[in-house]
Student: 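Please find one structure pasted underneath; my questions will follow.
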Number of protein chains: 2
Amino acid sequence: MSTSTNSARKPPPLICTVDLVLLTLRDEQLQVLLLKRERDPFAGALALPGGYVHADQDQGCEDAAHRVLRDKAGLEGLYLEQLATFSGPGRDPRGWSVSVAYVALVDAGRLARRALPAPGCSWLPVDRLPALAFDHGHIVEAAVARVRSKSLYSSLPAHLCPEPFTLPELHAVYQAVLGESVNPVSFRRKMDELDILDAVTGAKRAEGPHRPAQLYRLRKEFRQRLRLVGRGLKA
Amino acid sequence: MSTSTNSARKPPPLICTVDLVLLTLRDEQLQVLLLKRERDPFAGALALPGGYVHADQDQGCEDAAHRVLRDKAGLEGLYLEQLATFSGPGRDPRGWSVSVAYVALVDAGRLARRALPAPGCSWLPVDRLPALAFDHGHIVEAAVARVRSKSLYSSLPAHLCPEPFTLPELHAVYQAVLGESVNPVSFRRKMDELDILDAVTGAKRAEGPHRPAQLYRLRKEFRQRLRLVGRGLKA
DNA sequence: CTAATAGTGTCTATAAGACACTATTTG
DNA sequence: CAAATAGTGTCTTATAGACACTATTAG
């Protein structure tokens, strides 16, 4: 195992983790799951759920991310996508670290039905966060930017909407994620173009006295992935 | 340093590297820099330039990527962006590995002026690659998809065009990267909208007997980053 | 003058936004 | 019937593509 160039020398020990930005929509706001840290570094501060990659059991960082979701949030089968990798000597006081960050989405209905809310874990609106542990504030920022940007031209917000849902409900979800109103006609056209919905036979009754809205579910093919279109709702 | 939960146990040793997809445009084709591996694993096969992250000198994986570019390709100050992170037990036979992949762009003129082409390094068209070492074939695929997609709505291809350049030359670069013709009027409008070019006083003479084209350079602000617009040239 | 490419003016096509209209429910 | 929201038809507006036109050079 001799090395002939400096770039082939034994790697120094690195901290390698995954961190999860688990987002949901509550009170018409994007909210992120945060855990209160019990140990140093940053004991007492809020941090993203995360954990070491387990070389003995994970088939990749995405596996580790799913494991963290299961162990720390009790959730499985969520939409998950890699966000970016954050690294450097300063982000974790224990040493040079690499964190592969993922974004996961869960609808509020599923959260309500879930077994354990778990102690020390809390949902906070992404636009009014306190200082977080490590560089997790920046990671959340990047995640929210990604989610908002993709919401303009993809089926992403559907993963935040409890099923079955009506088009007006999904419309409201898009608006809440984007933080601005979306033209209802353009919205319906975009949903048509995306072609991600299955109509459920039977209409949902609205609260007041008026025409009920058709119920839909996400087509199976798009439960774990997005449908993208070339052009979005706005620029 | 005792651990109270399984997720806080000492991390197992991981191989953590950066890999670079360095792209250029030659013969109207996107080409990628590949190095012939001298050592196992995959001795003799072509691989992306890469290297271990050096915790003692790198301020982050991006630093390591710049270092690899400098040491293995003799290039500095290129446009560089993080692509994605690839990981798992199978991609490197030496063990569970994490590779943070970056895309870098260099114009062919700069390559021609560069000191060393270096032995064992070659440029190959991305659309006709042999089997590569590790999962580098997939990494190149992802990089090319990213570059083509971003070329529709950003200044990215300008980094592949030797300066100073004319608009027809830049137009040709966009077309070569996208692999399809681009409406010339739309192209000029998009360049106007991007607002990334400085006209150089003095016109370039074309080969044949005809009106010479205005020369441009990339504005300084956009040498190391992209300008994005809301909507692109096509869907 | 012609030939050739650079660059523009403007019409057409497409897709998003605006807005009015119809549809369906409860009371 | 009125009231309220669901859903559609269609006009307007914005922007990309098509195409013809002018501009500028060499010979």
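Quick note on labels: first sequence line is chain A, next is B, and so on, each numbered from 1.
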Student: What pairs with A:Arg26 under side chain to side chain donor-acceptor pair (under 3.5 Å), at least two apart in sequence or on another chain?
Tutor: A:Gln31

Student: Side-chain contact test, heavy atoms from C-beta onward, threshold under 4.5 Å: evaluate it for A:Glu76 versus A:Leu69 and give yes or no.
Tutor: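 Not in contact.
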
Student: Rounded to the nearest 0.5 Å, how far does CG of A:Asp135 lie from CG of A:Asp19?
Tutor: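 One finds 7.5 Å between CG of A:Asp19 and CG of A:Asp135.
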
Student: Hey, can you pull the donor-acceptor pairs under 3.5 Å for the side chains in residues 141-149 of chain A, sequence neighbours left out?
Tutor:
{"residue": "A:Arg146", "atom": "NH1", "partner": "A:Glu81", "partner atom": "OE2", "Å": "2.7"}
{"residue": "A:Arg146", "atom": "NH1", "partner": "A:Gln82", "partner atom": "O", "Å": "3.1"}
{"residue": "A:Arg146", "atom": "NH2", "partner": "A:Leu83", "partner atom": "O", "Å": "2.7"}
{"residue": "A:Arg148", "atom": "NE", "partner": "A:Val177", "partner atom": "O", "Å": "2.8"}
{"residue": "A:Arg148", "atom": "NH2", "partner": "A:Asp127", "partner atom": "OD2", "Å": "3.2"}

Student: Holding to side chain to side chain contact (heavy atoms under 4.5 Å, CB included), I want the full list of residues that pass it with B:His66, two or more places apart in sequence or in another chain.
Tutor: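 So B:His66 forms a side chain to side chain contact (heavy atoms under 4.5 Å, CB included) with B:Glu62, B:Leu80.
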
Student: Which pairs, protein N/O on one side and nucleotides 25-27 of chain D N/O on the other, fall under 3.5 Å?
Tutor:
{"residue": "D:dT25", "atom": "O2", "partner": "B:Pro209", "partner atom": "O", "Å": "3.2"}
{"residue": "D:dT25", "atom": "O2", "partner": "B:His210", "partner atom": "N", "Å": "3.0"}

Student: Examine the side chains of A:Ser97 and A:Arg91 and answer whether a donor and an acceptor come within less than 3.5 Å of each other.
Tutor: yes

Student: Is the closest side-chain heavy-atom distance between B:Tyr79 and B:Leu226 below 4.5 Å?
Tutor: yes

Student: Is any side-chain heavy atom of B:Val103 closer than 4.5 Å to a side-chain heavy atom of B:Leu22?
Tutor: no

Student: Which residue pairs pass the salt bridge (charged side-chain N to carboxylate O under 4.0 Å, His left out) test with at least one member in residues 164-179 of chain A, sequence neighbours excluded?
Tutor: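 Sorted result for residues 164-179 of chain A: A:Glu169-A:Lys204.
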
Student: With sequence neighbours left out, which residue pairs that include part of residues 175-198 of chain A fulfil the ring pair (Phe, Tyr, Trp, His ring centres under 6.0 Å) condition?
Tutor: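 Checked against ring pair (Phe, Tyr, Trp, His ring centres under 6.0 Å) - neighbours excluded - the pairs reaching residues 175-198 of chain A are A:His171-A:Phe187, A:Tyr174-A:Phe187.
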
Student: How would you label the contact of A:Ala206 with the nucleic acid (heavy atoms, under 4.0 Å): base, sugar-phosphate, or nothing?
Tutor: nothing

Student: May I have the distance from B:Arg188 (atom CZ) to D:dA16 (atom P), rounded to whole angstrom?
Tutor: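 Result: 16 Å.
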
Student: May I ask you to test the B:His136-B:Val21 pair for a side-chain heavy-atom distance under 4.5 Å?
Tutor: no

Student: Which pair of heavy atoms, one from B:Val106 and one from B:Leu160, lies closest together, and at what distance?
Tutor: O-CD2, 3.7 Å

Student: Taking C-beta and beyond as the side chain, do B:Leu78 and B:Arg110 meet within less than 4.5 Å on heavy atoms?
Tutor: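 The answer is yes; the side chains approach within 4.5 Å.
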
Student: Using distance only, find each side-chain donor-acceptor pair of residues 193-200 of chain A under 3.5 Å and give its atom names and separation, not counting sequence neighbours.
Tutor:
{"residue": "A:Glu193", "atom": "OE1", "partner": "A:Lys190", "partner atom": "NZ", "Å": "3.1"}
{"residue": "A:Asp195", "atom": "OD2", "partner": "A:Arg219", "partner atom": "NH1", "Å": "3.2"}

Student: Would you indicate what A:Gln214 reaches in the nucleic acid, counting non-hydrogen atoms under 4.0 angstrom: base, sugar-phosphate, or nothing?
Tutor: sugar-phosphate

Student: Using a 4.0 Å cut-off on heavy atoms, which residues in residues 161-186 of chain A reach DNA chain C? List them by number, or say none.
Tutor: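 Residues of residues 161-186 of chain A that come under 4.0 Å of DNA chain C are, in numerical order, A:Asn183, A:Val185, A:Ser186.
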
Student: Under a 3.5 Å cut-off on both pairing distances, which runs of 3 or more consecutive Watson-Crick or G-U pairs involve DNA chain C?
Tutor: C:1-27 with D:1-27

Student: Would you tabulate the nitrogen or oxygen pairs shorter than 3.5 Å linking the protein to nucleotides 12-14 of chain D?
Tutor:
none

Student: Walking along DNA chain C from 5' to 3', note the first and the last nucleotide with an atom under 4.0 Å from a heavy atom of chain A, and give both.
Tutor: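 The footprint of chain A covers C:dA15 to C:dT26.
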
Student: Report the residues that fulfil side chain to side chain contact (heavy atoms under 4.5 Å, CB included) with B:Gln224, sequence neighbours left out, ordered by chain and then residue number.
Tutor: none

